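Each chain gets a letter, A, B and so on, in the order its sequence line appears, and its residues count up from 1. Keep in mind that what you see is a predicted model, and the values were worked out from it rather than measured.
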Number of protein chains: 2
Amino acid sequence: MNLQKSFITRVPGFRAVGVHCGLKLSGKPDLALVLADRPCTATAVFTTNVFKSAHILYDLPLLARAKGKLQAVIINAGNANAVTGEQGLRDAEQMARLTEMACGLPTDSVFVMSTGVIGQAMPMEKIAVGIKAVSEQIGTKAGEHGEMAVQAIMTTDLVSKEAFIETTIGGQVVKIGGMAKGSGMIHPNMATMLAVIVTDAVIEPAMLNLALKQAIDVSFNAITVDGDTSTNDTVLLLASGQAAPQPFPNSGVSSPDSVEFGQFTQALTEVCITLAKAVARDGEGATKLIEITIRGATTQAEARTAAKTVATSPLVKTAIFGNDPNWGRILAAIGRSGVAVEPSRTSLTLDDFQLVERGEPCNFDAAAIHDWLTEHKEIKIEVDLAVGTAQATVWTCDFSYKYVAINAEYHT
Amino acid sequence: MNLQKSFITRVPGFRAVGVHCGLKLSGKPDLALVLADRPCTATAVFTTNVFKSAHILYDLPLLARAKGKLQAVIINAGNANAVTGEQGLRDAEQMARLTEMACGLPTDSVFVMSTGVIGQAMPMEKIAVGIKAVSEQIGTKAGEHGEMAVQAIMTTDLVSKEAFIETTIGGQVVKIGGMAKGSGMIHPNMATMLAVIVTDAVIEPAMLNLALKQAIDVSFNAITVDGDTSTNDTVLLLASGQAAPQPFPNSGVSSPDSVEFGQFTQALTEVCITLAKAVARDGEGATKLIEITIRGATTQAEARTAAKTVATSPLVKTAIFGNDPNWGRILAAIGRSGVAVEPSRTSLTLDDFQLVERGEPCNFDAAAIHDWLTEHKEIKIEVDLAVGTAQATVWTCDFSYKYVAINAEYHT
């Protein structure tokens, strides 16, 4: 496998463009269209927040109606279309209809995603003009404009997030490409982590869904910026099946027990982890990426809970921002997480520095670790609970003045 | 009832002093002694954090050994005596023994509390000198030095926290006084919310414990600064029984169903809420006290969960710091809290401003609310879920640049 930062348009059969239609005051691209040459097997995972955005309320029944077959996704930034009542749902549906008509696609073939300000009506006149523009450009500039599409889905993101992987499954070269946006689970009234992943793999709908769920569990569901789950989070995965000339089952991924399924899921997981870590690294105001691994837990769920409690602790995150090896805050977070812990067995390392060994503080050179932390942008925290054999890893970022600035100085 | 800010030494039969013994670099008082004239009925509530400080590991079996009878508490600030291994427990016990000897009290009559830096050995030579000093002063300056005791338990607190109430129960005038410290659930490597409450009420041990649990549930357990539960949190309640000349049951609180028990618990709750709100208002870097009430929940536990999720959301807390009526973040927090919510029924008010009514955003003058928020230091958020009849109130503070400064710029 060969993981790279590259645009989704490197996957054969997928085109993408982005335009500015007037939603972002900055004049930057704010509407993206990803279009497949033919209907794809589609699956998606959505936020667990009860207040779901209108596009999710539209997409959920769409996936059932379309029987998992979709050909395009239209994505806007600048307006989340969330908590917008009945009108919001009508607007999301209208975005799909306009895109289908403009691209000559059948009804119920277009998925919708939105990110931006909560509680404001979608400016549908601007959206209509934008959909016309992307549908015109995508025909003439096939495969060229992945970059504009990625730009168009960004909100407070400072960097764009792409990943591309090529692997061989069952004798066929399979490509997977993804793009994502996200900088806080919720932004200054601008919400959301969104991702679109495309592949030319030949894979059954049920297998595609299973692979995505497994990949998301250890990637997008293992990152946190501020503990706040957005109303709009959505990951869409489209599989064109163009990698193989023969239809399933001869050359495709057909069974969850197969070697091919394992290979596909592993490649997909690599793409998802790359995108997810990019989101955590670009968290609002972040100066460092923090990787937290809990080992020796009784269950994987408990390892995850302990890791997430550390990852969302403002005290841990401000300490790392201050380059302070403050292990007391890390243990205090684990101690309140509700998981099985035996204080006298717990050990803690910060990268190669052992700070606590079986419940007793180690002698360490705090000034040297402070200097080491100051020089490094990727920090690994590892805690061994030594009460079981399960483990989990979670990624987050530090908590800086800039986080407060981004989230306090923006006004509704 | 008549609630006042006053020292615990206003309750007859209790003396308190504070001295500087060298734990705080600032030279401020750092060791406090509270001494009762006679053995008191005692009860205490401790942190739920698995990593409990040494003083809690000492106090828990002490309460059982002493059969709920104690006469004094020795409290130090500047060192939490937490994650200090076996030596920490020996040091906590030594603090009790030294205090008992210096004050001429029997073994197992002194409770211990600590707050400060985690993971450092207690400087017992300084503590010994300090205990000698407080025991000498308390004999000569009875009732005078409540102020020094409150000063001695402060860490990053900017203001001292006291409360005093006088009420009539069963024909007897009963007094309850309390002092507390706390500015974050965990401070910059300095932990803890501590409180000592004393009363002259005549009350059975089991009733005292029940009253304290009920009072704490809606006061200290209903505040949060940063969501981080300390390793040292402790609330101690001592009842001298001096309010009445006759012994129980003729003039005391004897049954949880009695009018007297309700009156006592209500007065105690007032004291606890006053202290708890003072802690939230003095949260690290806080500029505002935020009161969050969730109404119309299916159960009180769900109302509490929803309120606490809002209260710990960095996005809500930074919005309030920025005087931004950002209701989208409040609803998003409730939506991820896991409680029963029906978006189309949910209404939200910020003080007198209605922002959301049954799921639909209201038209409001955002600039006017921004100005109103800018001028006010106490903010009330009220959300009506309209799916049940239960409610809960939680207090927190906003999230400012200074919070990051306090917690990032302190180095271990």
Could you tell me which residues satisfy side chain to side chain donor-acceptor pair (under 3.5 Å) with A:Thr287, sequence neighbours excluded, listed by chain and number? A:Asp398

How about B:Thr346 and A:Phe51: do any of their side-chain heavy atoms sit closer than 4.5 Å? yes

Can you find a heavy atom in the side chain of B:Tyr403 that is under 4.5 Å from one in the side chain of A:Val404? no

Specify which of B:Val341, B:Ile369, B:Leu331 makes the most heavy-atom pairs with chain A at under 4.5 Å. B:Leu331

Least distance between heavy atoms, A:Glu360 atom then B:Glu86 atom: OE2-N, 4.1 Å

Minimum heavy-atom distance between A:Gly359 and B:Val83, given as atom pair plus value: O-CG1, 3.7 Å

Between A:Pro361 and B:Gly119 the two heavy atoms that sit nearest each other are CG-O, 4.0 Å

Rounded distance [0.5 Å steps], CD in A:Glu284 versus CG in B:Leu315: 7.0 Å

As an exercise: rank A:Gly85, A:Ser400, A:Pro343 by heavy-atom pairs under 4.5 Å with chain B and give me the winner. A:Pro343

Heavy-atom pairs under 4.5 Å with chain A - which of B:Ile334, B:Val50, B:Val339 has more of them than the others? B:Val50

Using side-chain contact (heavy atoms from CB on, under 4.5 Å) as the criterion, list what pairs up with B:Arg345, not counting sequence neighbours. B:Glu342, B:Arg358, B:Ala386, B:Val387

Mind checking whether B:Phe399 and A:Phe399 have parallel, tilted or perpendicular rings, split at 30° and 60°? perpendicular

